[in-house]
Amino acid sequence: MTKEKLLLLDGNSLAYRAFFALPLLTNDSGVHTNAVYGFTTMLQKILEEEKPTKMLVAFDAGKTTFRHESYGEYKGGRQKTPPELSEQFPYLRKLIDAYQIKRYEKELYEADDIIGTLAKQAESEDMDVIIVSGDKDLTQLATDKVTVYITRKGMTDIEKYTPSHIEEKYGLSPLQIIDMKGLMGDTSDNIPGVPGVGEKTAIKLLKEYGSVEALYEQIEAMKKSKMKEKLVENEEQAKMSKKLATIFTEAPIDISLEDLNYPGPNEEEVLNVWQELSFKSLIEKSDFRMEEKETADLAFDIVTDVTTDMLKDVMAVHVELENEHYHTCRILGLGFTDGKKNFYISFEDMKNNEAIKNWLEDESKIKYMSDSKAAQAILKRINIELRGVDFDLVLATYIVNPAVSGDDLATLAKEYGYSDVQANETIYGKGAKWTVPAMEVLAEHVCRKAFAIWSLQPIVEEKLKENEQFDLYHDLELPLASILGIMESEGVKVNIATLEKMGGELEQKITALEKEIYELAGEKFNINSPKQLGVILFEKLGLPVVKKTKTGYSTAADVLEKLQSEHQIVKFILDYRQLAKLQSTYIEGLIKEVHSEDSKVHTRFQQALTATGRLSSTDPNLQNIPIRLEEGRKIRQAFVPSKEGWVLFAADYSQIELRVLAHMSKDENLVDAFIQGMDIHTRTAMDVFHVSEEEVTSNMRRAAKAVNFGIVYGISDYGLSQNLDITRKEAGEFIDKYLQSFPGVKEYMDRIVQEAKLNGFVTTILNRRRYLPDITSRNFNLRSFAERTAMNTPIQGSAADIIKKAMIDMDARLKQEGLQTKMLLQVHDELIFEAPKEEIEILERIVPEVMEHAIELAVPLKVDFSYGHTWYDAK
DNA sequence: AACGTCACG
DNA sequence: ACGTACGTGACGTTA
């Protein structure tokens, strides 16, 4: 029989040690995980190295122990366990159970005593014993049979205390460690010891006398000294301290060595816990995944023909694309599954297949998909109108947690516990090495995706229902995806000639500015390089350095503006920057995106990306076309209706975010201001500066406007001071005055931060969620950031909810009215349409009506609109 | 790939 | 004492 090896772990000490040794990590739901993580890595390492046959993790039970009877102050003055650690204990216990390791705690005794008692028992039965702790006190238990492992820094770094190691390190025997503790005390346990005696002195004394008792027996003979006085004075205290530091090896425990057999981990359970805690790196490199969780076989057929009987009423279907640019790329193939049969058909074989076309276009045939908008848009290019999508994995998971990226179906599936899909990178390679694999490989990959969608549909929908988010997902995001797909496919007509003409003019101006700049600098350099520009401005020309970035001098616009009076060159650089931006991004960049077939740009709206619920727009980004400065605004002259005799019609919400704030805070003053239909910035100025409407100067209004922005962003005095270029103190006073005038807003802000701390997330009007794991961070910066986010996200996100709902209503209304008008773009608080002239009149009526009543708030919503022959003219 | 910059709401 | 306004995407430079 092999020799028994017992591993005893000090649960509390190890958790504490890990908690303080590692940065505060969190899982996707915002639960802190660093202590459990540290414990796990340590455990993995020790299990691998030691292969124990018996194991136990001991915990402290309750607050009082038998030590308190003799010394009430024992462990007094200890900091309360931080809540970020307390919340981890349930997970730690769950993890230990998953490993099938025994846990034990006993009223009135500490983990140390349990460990000591079992170590002694095991030793008497000739077992090898290893004790693991973060606390050096345990080293007193070391013997020939018992080794004490003490973790250092990263938890996996371990110092092994055998009697000879202790002898080497301190010149003491293990038992003398207790005497040492008695003399020097222990602040963390509030053991007093002898004042003035530290480690060095204690060791010296013990080398001479052997023990505390022996020392006091011979103390008479000691030479007179300060130290002797202290020792004599504190004899009782020293003896009591030794007693407190002594680990009790005869605790009345009701667990025996036979109970501690360690059968090895339940690998599936451990993986589940790791999954829950988002221990991705551990899951990645875990050997149990390799052995046990080898991707299950998936039977699939490669077919060249699909007949109607193969297409069921409910199926998962995946349209595999070459890349994310679905307006230009090719379809590789399609995978279908009904949970039983899986098949793949290549694009070549499907494109003329009538059965597939009919099935895809049949509203009554239910499709489960992932990124249905991409599929819809690309199928449209081969004249297939996708209908009947009832599940979209990307959208559903985004609603469950917008922080989880849905770039790759494999990543997404894994996130929800399904790991039988490979990453696209594994199948295709990346960058220049990208290549379509053999048909067999591709077909399996695509079928696995379809199967993943099929398998995850009930799981993710259940999660949505549990969080009361199913309606948001099913009745808002899902239909919106289809509307966005149509908008993207429709595209926006761009007049390239207009852009080219502007480009030519810009080129001349840029060249002229370059010349001026080189002359003033006295040399040619790359103005686009902040590094080179910094050298010219701050070294060669000696301008004062206002701000630094982590790599050097800041040359950002706000810095340069402050330097304008210092040197002529600064203004030229600012002008150059402005024009260069227009040229590279909005002239050259935009021209590259225009499709030659239809002279249109087809943006892609990212619907499952932002943290707040907003959309984003890419290739090209049509949500940041210049407007603030006239030179840039002219770019909009190149955006035109797609048909002769049509116009572009633009409608935007006025102050939607502040109205949302009024609604959510129910602040009487703010609500009243909107009901009165006042200019909100003027009204704010009146309240903050205590003046009448007539007395509000343009500067006061400007300041009030900045304060309103600040409120929406989650106010900070520093941020406002930067924006208004005033001192922090002044900014702070503005904020105080604002919050006095709008007390309901202050209450709301406090409440929302509290709520975020309690739940770990904040919500919008339609119950969109954003998790804020940093809200409980002890790092000031992280925490402050999370607090501002907690204040801003419900506002920005609710505004996003409102306009999304308006888009759905607007789409329905246009159909209902039988109009030709098409919705083309959404820019966060505005909708852009193209319309035949004859429909302008009705749009002027229905667009504001629909948008203003998308969601009813405690304040009215207000929509302004205009139209023109170009986007520029729709102002 | 990361950074700085700047365009938008 | 800490050091930032919230949310995005595209471009050019530099490592």
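Only this structure's heavy atoms are used, side chains among them; waters, hydrogens and symmetry mates stay out. Chain A is the first sequence line, chain B the second, and so forth, proteins listed ahead of strands; every chain is numbered from 1.
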* To do: Identify whether any heavy atom of A:Asn624 sits under 4.0 Å from a base atom; if not, whether one sits that close to sugar-phosphate; answer base, sugar-phosphate or nothing.
  => base
* Scan side-chain atoms only and decide if A:Thr498 and A:Gln637 contain a donor-acceptor pair under the 3.5 Å cut-off. => no
* Give A:Ala706 one of three labels, base, sugar-phosphate or nothing, depending on what nucleic acid heavy atoms sit under 4.0 Å from its own. => base
* Asked: Does C:dC2 have a Watson-Crick or wobble partner in any strand here, with both distances under 3.5 angstrom, and which is it?
  -> none
* Is any side-chain nitrogen or oxygen of A:Arg577 closer than 4.0 Å to OP1 or OP2 of B:dG4? -> no
* Check whether the side chain of A:Thr610 and the base of C:dT8 form a donor-acceptor pair under 3.5 Å. => no
* Worked verdict on A:Arg768 versus A:Glu477 for salt bridge (charged side-chain N to carboxylate O under 4.0 Å, His left out) -> CA-CA 11 Å; A:Arg768 193 184 297 282; A:Glu477 298 294 351; 2.8 Å; yes
* Verdict with reasoning, A:Thr870 to A:Asp873, per side-chain hydrogen bond (donor to acceptor under 3.5 Å, both in side chains) -> CA-CA 5 Å; A:Thr870 73; A:Asp873 300 297; 2.6 Å; yes
* Asked: Taking the side chain of A:Phe780 as its heavy atoms from C-beta onward, which of C:dT4, C:dC2, C:dT8 lies nearest to it?
  -> C:dC2
* To do: Round to the nearest Å and state the distance from A:Ile803 atom CD1 to C:dG7 atom C1'.
  => 14 Å
* Check every strand shown and say whether A:Gly710 touches a base, only sugar-phosphate, or nothing at a heavy-atom separation below 4.0 Å. => base
* Asked: Does some side-chain heavy atom of A:Val827 sit less than 4.5 Å from a side-chain heavy atom of A:Asp652?
  -> no
* Asked: At under 4.0 Å between heavy atoms, what does A:Ser617 touch on the DNA or RNA strands: base, sugar-phosphate, or nothing?
  -> sugar-phosphate
* Pairing partner (Watson-Crick or G-U wobble, both distances under 3.5 angstrom) of C:dC11 -> B:dG4
* Phosphate contact (B:dT5 OP1 or OP2) by A:Thr555 side-chain N/O below 4.0 Å -> yes
* Asked: Given the P atoms of B:dA7 and C:dG3, what is the spacing between them in whole Å?
  -> 29 Å
* When all nucleic acid strands are considered with a 4.0 Å heavy-atom cut-off, which category describes A:Leu582: base, sugar-phosphate, or nothing? -> nothing
* To do: Test for a donor-acceptor pair under 3.5 Å between the base of C:dG7 and the side chain of A:Arg770, counting only N and O atoms.
  => no
* Asked: Can you check the A:Asn526 CG to C:dC11 P distance for me, whole Å?
  -> 17 Å
* Quiz item: A:Gln623 side-chain donor-acceptor pair to B:dC8 base, under 3.5 Å -> no
* **Atom-pair distance (CD on A:Glu657; C1' on B:dC8), nearest Å** => 13 Å
* Asked: What does A:Ser716 touch in the nucleic acid at a heavy-atom separation under 4.0 angstrom: a base, only the sugar-phosphate, or nothing?
  -> base
* Report the residue from A:Leu661, A:Ile715, A:Val688, A:Thr684 that forms a side chain to side chain contact (heavy atoms under 4.5 Å, CB included) with A:Asn708. => A:Thr684
* To do: Please check the phosphate of C:dT4 (OP1 and OP2 only) for any side-chain N or O of A:Ser784 closer than 4.0 Å.
  => no
* To do: Name the nucleic acid region contacted by A:Ala557, choosing base, sugar-phosphate or nothing; use a 4.0 angstrom heavy-atom cut-off, strictly under.
  => sugar-phosphate
* To do: Take atom P in C:dT4 and the same atom in B:dC3, then report the distance between them in whole Å.
  => 14 Å
* When the distance from NZ of A:Lys550 to P of C:dT14 is rounded to whole Å, what number comes out? -> 18 Å
